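Only one structure is covered here, and it is reproduced in the block below.
Just so we're clear, the structure is a prediction, and the values are computed from it rather than from any experiment. Residue numbers start from 1 in every chain, and the chains themselves are labelled A, B, ... in the order their sequence lines are given, proteins ahead of strands. The analysis underlying the following values was restricted to heavy atoms, covering all of them including side chains, and did not include hydrogens, waters or symmetry mates.
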6 protein chains.
Amino acid sequence: MSTLDLAVPSTRYLQKLIRDQSPVSIATRAGDAFNGVLRWQDGECLCLKTAEGEILLWRSGLTFIRPLPPGPNR
Amino acid sequence: MSTLDLAVPSTRYLQKLIRDQSPVSIATRAGDAFNGVLRWQDGECLCLKTAEGEILLWRSGLTFIRPLPPGPNR
Amino acid sequence: MSTLDLAVPSTRYLQKLIRDQSPVSIATRAGDAFNGVLRWQDGECLCLKTAEGEILLWRSGLTFIRPLPPGPNR
Amino acid sequence: MSTLDLAVPSTRYLQKLIRDQSPVSIATRAGDAFNGVLRWQDGECLCLKTAEGEILLWRSGLTFIRPLPPGPNR
Amino acid sequence: MSTLDLAVPSTRYLQKLIRDQSPVSIATRAGDAFNGVLRWQDGECLCLKTAEGEILLWRSGLTFIRPLPPGPNR
Amino acid sequence: MSTLDLAVPSTRYLQKLIRDQSPVSIATRAGDAFNGVLRWQDGECLCLKTAEGEILLWRSGLTFIRPLPPGPNR
């Protein structure tokens, strides 16, 4: 179980998305995609808050994360 | 074979789902999905109790877990 | 190549299935599924005895294992 | 979480693509493909700038990266 | 890059298939399957001799290997 | 990030394909396949020269490599 290294760019990148509560889209290896806001990360998972509740996503099961452009009401 | 680190958020998150016996949905990389209640976790697997019996799921084969909203009788 | 840790619950869970010769169903990430009885496990593989002979399955290629309900003649 | 070893050829190869701002195509295990320019890399991820914004891609979720031939206006 | 541990059952199992030149079927996570005879193994790969020549298969890309029943002329 | 161990058979096997500039076919977990000649390898990737340029392939995303029979003009 990996520990989280806050010095690496991708961890900091995700940490910024969490701090800014930026809307993101996350895709998994199985072809699923989820939109929401990141709550927290650790070495194994990301927690995403979606319109249908929280999801715990395995880092090893992800293919990409993409910050979404701000919507009209933001 | 990974050891379980109870200090990391995702492990604690799963531990809370186990303790609260929260209904969850779990998805695998192969595209399968199972609903049930988590029984226990270790560094390699999660054990889920479903209506059709227990399933042992490999963490490395998972894409996400999602707590389900409480049903009408809960 | 991982060593097998007999102290972790999932290894013990599998060891019990082996000892009891419980019928199980095993699913892989490629979407294959096999029914049979577990023969042995190590840190890399599980050996399953099926009606068509033995299969050596990679743990890293598995998504889940499910004990099957006992059949009518058991 | 892997650290980045700048001595290995693939890391240097990617570093050259970043430095030269070469257009690339990246493919994931889920079958997605993205065109863009690499921004940075670390031991876990690559950051790609596409026409629709940035994407953070997991190295473990990639199958290949291919430098694209220069376009007519380059 | 893993080293090969000849003490674990799956390695010995594969070593026996190599020594006996047993015909086997090997399946990958991508859904491919190959029939042939194992030549050698190491911690990362298996080498299979098929009717169309040799193939080097990544252990991490495999889901299972199955010894085939002997043919009519064996 | 794995280091390359030149003592293991699969690394030597690949090194021979590189040295001999043997035409090969490489398949990925996503189901893609590429024909070309290997340029170099390291612990994370293989570099393949194809008719359409170079490709950097992730070892962890591969399922197999197969030397191709020599063409009519070789």
Side-chain angles (χ1 to χ4, degrees), chain E residues 1-69 71, chain F residues 1-50 55-74:
Chain E
M1 204 159 286
S2 302
T3 45
L4 194 69
D5 182 351
L6 288 165
V8 301
S10 55
T11 304
R12 287 205 312 265
Y13 192 93
L14 294 169
Q15 210 61 34
K16 183 173 189 326
L17 294 175
I18 293 167
R19 200 172 53 232
D20 296 350
Q21 293 290 289
S22 308
V24 295
S25 176
I26 297 187
T28 74
R29 294 193 189 183
D32 299 302
F34 300 99
N35 288 3
V37 169
L38 285 173
R39 299 285 300 267
W40 49 263
Q41 62 172 328
D42 63 21
E44 189 180 12
C45 292
L46 302 180
C47 184
L48 184 78
K49 187 179 176 187
T50 73
E52 292 81 34
E54 287 186 353
I55 306 180
L56 193 65
L57 294 138
W58 266 260
R59 289 171 98 102
S60 60
L62 300 181
T63 50
F64 67 85
I65 184 168
R66 182 205 276 278
L68 293 174
Chain F
M1 205 159 286
S2 301
T3 45
L4 194 69
D5 182 351
L6 288 164
V8 301
S10 55
T11 303
R12 288 205 312 264
Y13 191 94
L14 294 169
Q15 209 62 33
K16 184 174 189 324
L17 294 175
I18 294 168
R19 200 172 53 233
D20 295 349
Q21 294 289 288
S22 308
V24 295
S25 176
I26 298 187
T28 75
R29 294 193 190 183
D32 299 303
F34 301 100
N35 289 3
V37 170
L38 284 174
R39 299 286 300 268
W40 49 262
Q41 63 172 326
D42 63 21
E44 189 181 12
C45 291
L46 302 181
C47 183
L48 184 77
K49 186 180 177 187
T50 73
I55 306 180
L56 193 65
L57 293 139
W58 266 259
R59 289 172 99 103
S60 60
L62 300 181
T63 50
F64 66 85
I65 184 167
R66 181 204 279 277
L68 294 174
N73 297 320
R74 292 174 61 88

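From E:Trp58, atom CH2 reaches atom OG of F:Ser60 across 10.5 Å, with rounding to the nearest 0.5 Å. Once rounded to the nearest 0.5 Å, the distance linking SG of E:Cys45 with CG of F:Leu14 reads 6.5 Å. To the nearest 0.5 Å, atom CG of residue E:Leu57 and atom OG1 of residue F:Thr63 are 7.5 Å apart. Once rounded to the nearest 0.5 Å, the distance linking CZ of F:Phe64 with OG1 of E:Thr50 reads 10.0 Å. In this structure, CZ on F:Arg59 lies 4.0 Å from CD on E:Glu44, to the nearest 0.5 angstrom.
Minimum heavy-atom separation, E:Glu54 to F:Arg66: O-CG, 3.6 Å.
In this structure, the portion of F:Thr28 lying under 4.5 Å from any heavy atom of chain E is its backbone and not its side chain.
No side-chain heavy atom of F:Tyr13 sits under 4.5 Å from any side-chain heavy atom of E:Arg39.
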